[in-house]
Amino acid sequence: MANHPIDTSLLDRAIIYAVRAHAGTERRGKGFPYIVHPMEAMAIVSTLTADQALLAAAALHDVVEDTALTVEDIRAEFGDRVAELVEAESDKFVEGVSESDSWRTRKQAAIDRLAEAPLEVKMIAMGDKLSNMRAIARDYALQGDGLWNLFHVKDRASHEWHYRGLAASLRSLAGTPAYDEFERLVNQVFG
């Protein structure tokens, strides 16, 4: 069977951009470079679609949230579609309210947005959330409930509420290996 070349130029540029944007940063309390997470999210999304814009958005999904770069920077570099996908996956912070104090409000808003989001936005979210849930499951197996102390919100029940809400919002992806793994890990960690 012939291996047909595909145009990966958009994705290649997005990966390089994400590597540069996250350079020198560590995944919170993990001891490994931050870029590992967006690359894992992108790999997960690749199990759901071959759409290069979706894969690029998955690689870039934390750039706006976690660096000084903006949605407009993404738009200038990658166009409207990728910028809108990244924006849809970015947390909306509340001006003048701490991350901890706004956590539940932000997470509920994200769950509600995801429930109504188009399938392509759900695919990117699935990559992000499954990557997060894999890390939580690994760390929980080693640290137990001490794990929650790494987070701004340290209450296990709040994390369970958040991840079960995400599972409900992403249920249209049920039957895919990514969703099924996500649901299994949520049940494994939270019982």
Side-chain angles (χ1 to χ4, degrees), residues 5-28 30 32-99 101-135 152 162 165-166 169-170 172-173 176 178-179 182:
I6 59 173
D7 180 4
T8 62
S9 57
L10 178 72
L11 179 58
D12 296 345
R13 285 191 305 112
I15 291 169
I16 293 164
Y17 193 89
V19 166
R20 288 184 177 142
H22 294 296
T25 60
E26 179 186 331
R27 188 81 161 136
R28 182 180 20 206
K30 301 275 189 252
F32 60 75
Y34 194 92
I35 194 62
V36 171
H37 165 65
M39 294 299 100
E40 181 180 26
M42 178 193 69
I44 292 164
V45 173
S46 77
T47 70
L48 301 167
T49 182
D51 185 320
Q52 298 294 292
L54 268 68
L55 298 177
L60 296 164
H61 82 269
D62 274 340
V63 166
V64 172
E65 216 172 282
D66 293 337
T67 77
L69 294 163
T70 67
V71 172
E72 291 317 309
D73 294 325
I74 301 290
R75 188 178 317 282
E77 197 67 36
F78 300 100
D80 290 336
R81 184 165 180 234
V82 172
E84 285 158 17
L85 290 166
V86 169
E87 184 172 32
E89 177 54 17
S90 298
D91 242 0
K92 311 294 185 262
F93 289 94
V94 183
E95 199 67 42
V97 181
S98 76
E99 266 192 60
D101 291 342
S102 67
W103 187 86
R104 194 170 186 100
T105 306
R106 285 185 294 113
K107 299 307 178 189
Q108 185 63 61
I111 288 167
D112 294 345
R113 274 195 319 275
L114 260 184
E116 302 302 318
L119 192 60
E120 59 185 16
V121 170
K122 291 182 182 197
M123 288 180 188
I124 296 163
M126 185 80 266
D128 177 28
K129 305 317 179 193
L130 176 53
S131 174
N132 291 341
M133 200 59 229
R134 283 174 176 174
H152 291 291
H162 177 225
L166 290 169
S169 290
L170 295 169
S172 56
L173 294 170
T176 65
Y179 182 87
F182 180 75

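Just so it is clear, the structure is predicted and the values come from calculations on it, not from any experiment.
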dist T176:OG1 -> M123:CE (nearest 0.5 Å) comes out at 8.5 Å
Beyond-backbone contact of T105 with Q108, side-chain heavy atoms, under 4.5 angstrom
no
Any donor-acceptor N or O pair under 3.5 Å, side chains T70, D73
yes
Can you find a heavy atom in the side chain of Q52 that is under 4.5 Å from one in the side chain of I6?
yes
Distance-only, no hydrogens or angles: does the S46 side chain make a donor-acceptor pair with backbone N or O of A43 under 3.5 Å?
yes
If you define the side chain from C-beta out and look only at heavy atoms, does anything of V45 sit under 4.5 Å from H61?
no
Minimum heavy-atom separation for A14 to L60, with atom names?
O-CD2, 3.5 Å
Would you say H37 and D128 make side-chain contact, with heavy atoms under 4.5 Å?
yes
On a heavy-atom basis, the closest approach of M39 and A59 is CE-CB, 3.8 Å
Drop me the distance from M42's CE to L11's CG, to the nearest 0.5 angstrom.
5.5 Å
Tell me whether R13 contacts the main-chain N or O of F78 through its side chain, where contact means a donor paired with an acceptor under 3.5 Å.
no
Measuring from atom CG of L55 to atom OG1 of T49, what distance do you get when rounded to the nearest 0.5 angstrom?
6.5 Å
Do L48 and L54 come within less than 4.5 Å of each other through their side chains, counting heavy atoms only?
no
Atom pair NZ (K122) and CG (L166), whose distance is rounded to the nearest 0.5 Å:
11.5 Å
Grab the two heavy atoms, one from A53 and one from L10, that are nearest each other, plus how far apart they are.
CA-CD2, 3.7 Å
Of all heavy-atom pairs linking A57 and L85, the shortest is CB-CB, 3.6 Å
Roughly how far, to the nearest 0.5 Å, is CD1 of I44 from NZ of K129?
12.0 Å
Taking the side chain as every heavy atom from C-beta outward, state whether R104 and H162 have any pair of such atoms under 4.5 Å apart.
no
Contacts of type salt bridge (charged side-chain N to carboxylate O under 4.0 Å, His left out), residue E26, not counting sequence neighbours
none
Is the shortest side-chain N to carboxylate O distance from E40 to R27 below 4.0 Å?
no
Rounded to the nearest 0.5 angstrom, the CG-CZ distance for L170 and F182 is 6.5 Å
With a 4.5 Å heavy-atom cut-off, do E87 and V64 have their side chains touching?
no
A41 versus S131, closest heavy-atom pair with distance
N-CB, 4.4 Å
Minimal non-hydrogen separation, A21 against L69, with atom names:
CB-CD1, 3.7 Å
Got a donor-acceptor contact below 3.5 angstrom from the S169 side chain to the I111 backbone?
yes
Counting C-beta onward and ignoring hydrogens, is there a side-chain heavy-atom pair between T25 and D66 closer than 4.5 Å?
no
If you apply the rule side chain to side chain contact (heavy atoms under 4.5 Å, CB included), what do you find for V63 with V86, and how did you get there?
CA-CA 8 Å; V63 166; V86 169; 5.7 Å; no
